[in-house]
2 protein chains.
Amino acid sequence: MRQTDISGNFNSRHSKMIDILIQHINSKINNKLTESDISLLSEVFHTKKLRKHQYLIQSGEVCKIAAFVVKGALKKYTIDNSGKENILELYIENWWAGDKESFMIGTPTPYYIDAYEDSELLVITKDDFVNILSKLSFYSELNQSLTERQSFQLMKRLHSSQTFTAEQKLDELQNTYPEFFQRFPKHIIASYLGMTKETISRIRSNSSKK
Amino acid sequence: MRQTDISGNFNSRHSKMIDILIQHINSKINNKLTESDISLLSEVFHTKKLRKHQYLIQSGEVCKIAAFVVKGALKKYTIDNSGKENILELYIENWWAGDKESFMIGTPTPYYIDAYEDSELLVITKDDFVNILSKLSFYSELNQSLTERQSFQLMKRLHSSQTFTAEQKLDELQNTYPEFFQRFPKHIIASYLGMTKETISRIRSNSSKK
DNA sequence: AAAAAACGTTGATTTAGATCAACATTTTTT
DNA sequence: AAAAAATGTTGATCTAAATCAACGTTTTTT
C-alpha cells in the first residue's frame, strides 16, 4: 500500500482515499495501474466531504463532476410535481456517483444527488476528465467495464420493475444488495423500488408470520 | 458507396447489407472505417434471414451471436410462469439484437428473441468477435458509444416505469420512438411498456375525446 | 433534558390498472 | 373462398398497492 504521496502535496487522508480508488480500479482492469497512472490519479482526484443532506448535484445544473464514494451513502432522485422524491440510485462505498449523461453530453441533469450519511468522495472535474483521465491507457477498459455492468443491472431492474410484485422486488433487492437494507431506512428503499414504505412494512409483517 | 466486395466471396445482398452496417458504425465513431476494417467486417459478419416467429435466441441458451438488424423487426422477452410474454426490447432497422450479458460473460440468457416480421440480419459469432472484431481499432469507441447510449435509455425507461402513469408512459414512447407505433401492434407495445392492451385501448379512446 | 425530526407500523379507504369475457374487424394461411 | 389467427375495442369486475391518517418509538438537534 502507498504510504505517502510522492509529490508531497497531499495529506495522508487523501493518500488513503486514493489507495482505495486504486484498489477499485485495479479490480476492474487486466493490467495493474502503473506508478505514473497513480501519480496522475492523485493529482486529478481531489477529496470532497459532504454532510448529511448536502447536495452533490441539483436538478437543472450540468453535472461537471464524477465522484467516487470512499465513505458514506448517497441517493440520486427526481422530485415530481407533488414534491415526492423518486429515488433512482443509491450509492455507498466503492460506487460512482453522478449523472453520466449530463457529464458526458453536457445536458442539464434532471436529478438531485445528496448525501444520506456524512460522506467522503474523490471528485474529478470535467476538464481534468477530458484532458487527463480519459486519455490514460486504462480508462477505456475501466469505463467499458463499469458502463456494461451498469447497463446489465438496469436491464434487470427494469424487468423486475415491470413484472415483479412488490414482494418479489423486495426479495430480489435483499438478495442483490443486502447492504442497502442495513444502510438505508425503509422509506428510501421503498422509493428506490418504486413502492411505498407502508407496502414494505406490510410485506415484512406478513412474511415474518410465515 | 461500396458496390462489390473486393474478395468476390459475397453476393450483392451481403454487400449492400455490409454497406448499411458501415454507415451505422461510421455514424458512431470519429474516424471513418478504413478499407481494411471494412474488408474484415465483410468477412466476420454473415447474413441471416429470420421468418416471422422464428427465434434468434431462446431462454436457457448461451447467446453466441451478436446481430445487427438490416431489415425487419424483432422482440426480446421473458416468459413468466403463467406463460405471459414480458417484452424488454424491440428492435428494428439499425438496432443491435442479442443478450450482451450472456454473450460477453457466457451465462445462460433468460430471454427469447424472435422475429416479429421477416428479418435480415448481419450476425457475428462469439469467436469472430473475440478474435477479430474486438481487436479492431474502432471497436472500443463503437462499443462505448452503444453501451453508454443503452445505459442512458435504460435509466430513463426505469424512471418512467416507476413514476409515470400508463398515459404518460404511452406519451413518452410516442415521442421517443414513434416508429415503434407504426411497426408493432398494440399488445406488443403494451407489454414493452409493462401494461395491457386494454389499458392502451382505453387511453387512446379517452385522449381522442379531448 | 426537552423538543423536533425521522422512522416504522397499522387500519380504513381509494384507485389505477389488471383480469375476464365477449365481440367486431382485419390479416394471414390453407 | 373459407377458415384460422391476429388485432383492437368495450364492459364488468377484481385486486395490488397507493393514499390518508393516526400513533408509538427511536434518533437527532438544540
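Naming: A, B, ... by sequence-line order, numbering from 1 per chain. Bear in mind the structure is a predicted one, so any value in this text is a computation, not a measurement.
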Between D/dT7, C/dG17, D/dT19, which nucleotide gets closest to the side-chain atoms of B/Ala166? C/dG17
Give a yes or no on whether the ring-centroid distance for B/Phe103 and B/Trp96 is below 6.0 angstrom. no
Options D/dT10, C/dC7, D/dA17, nucleotide nearest the side-chain atoms of B/Glu198: D/dT10
May I ask you to decide if the ring planes of A/Phe184 and A/Tyr116 are parallel, tilted or perpendicular, using 30° and 60° as cut-offs? tilted
I need the NZ-C1' distance between A/Lys186 and C/dG8, as an integer number of Å. 9 Å
Taking only N and O in the side chain of B/Thr199, is any of them less than 4.0 Å away from OP1 or OP2 of C/dA16? no
Report the distance from atom NE2 of A/His53 to atom P of D/dT29, rounded to the nearest whole Å. 8 Å
Can a salt bridge be assigned to the pair A/Glu148 and B/Lys100 using a cut-off of 4.0 Å between side-chain N and carboxylate O? yes
B/Arg202 CZ to C/dA21 C1', in whole Å, measures 11 Å
To the nearest Å, give me how far apart NE2 (B/His187) and P (C/dT26) are. 18 Å
Hey, is the side chain of A/Thr196 poking within less than 4.0 Å of OP1 or OP2 on D/dA18, counting only N and O atoms? yes
Which residue, B/Met195 or B/Lys52, contacts DNA chain C at a nucleotide closer to its 5' end, judged by nearest heavy atom? B/Met195
Tell me: NZ of A/Lys197 to P of C/dC7, nearest whole Å? 11 Å
To the nearest Å, give me how far apart CG (B/Asn86) and P (C/dA18) are. 12 Å
Below 4.0 angstrom, N of the basic side chain to O of the carboxylate: do A/Glu89 and A/Lys76 qualify? yes
How many Å lie between OH on A/Tyr116 and C1' on C/dA5, as a whole number? 12 Å
Taking the minimum atom-to-atom distance to the side chain of B/Pro185, which one of C/dG8, C/dG17, D/dG8 wins? D/dG8
Starting at atom NZ of A/Lys84, determine the distance to atom C1' of D/dT19, rounded to an integer number of angstrom. 10 Å
Flag the pair B/Glu101 and A/Lys156 as a salt bridge only when some basic side-chain nitrogen lies within less than 4.0 angstrom of an acidic carboxylate oxygen. yes
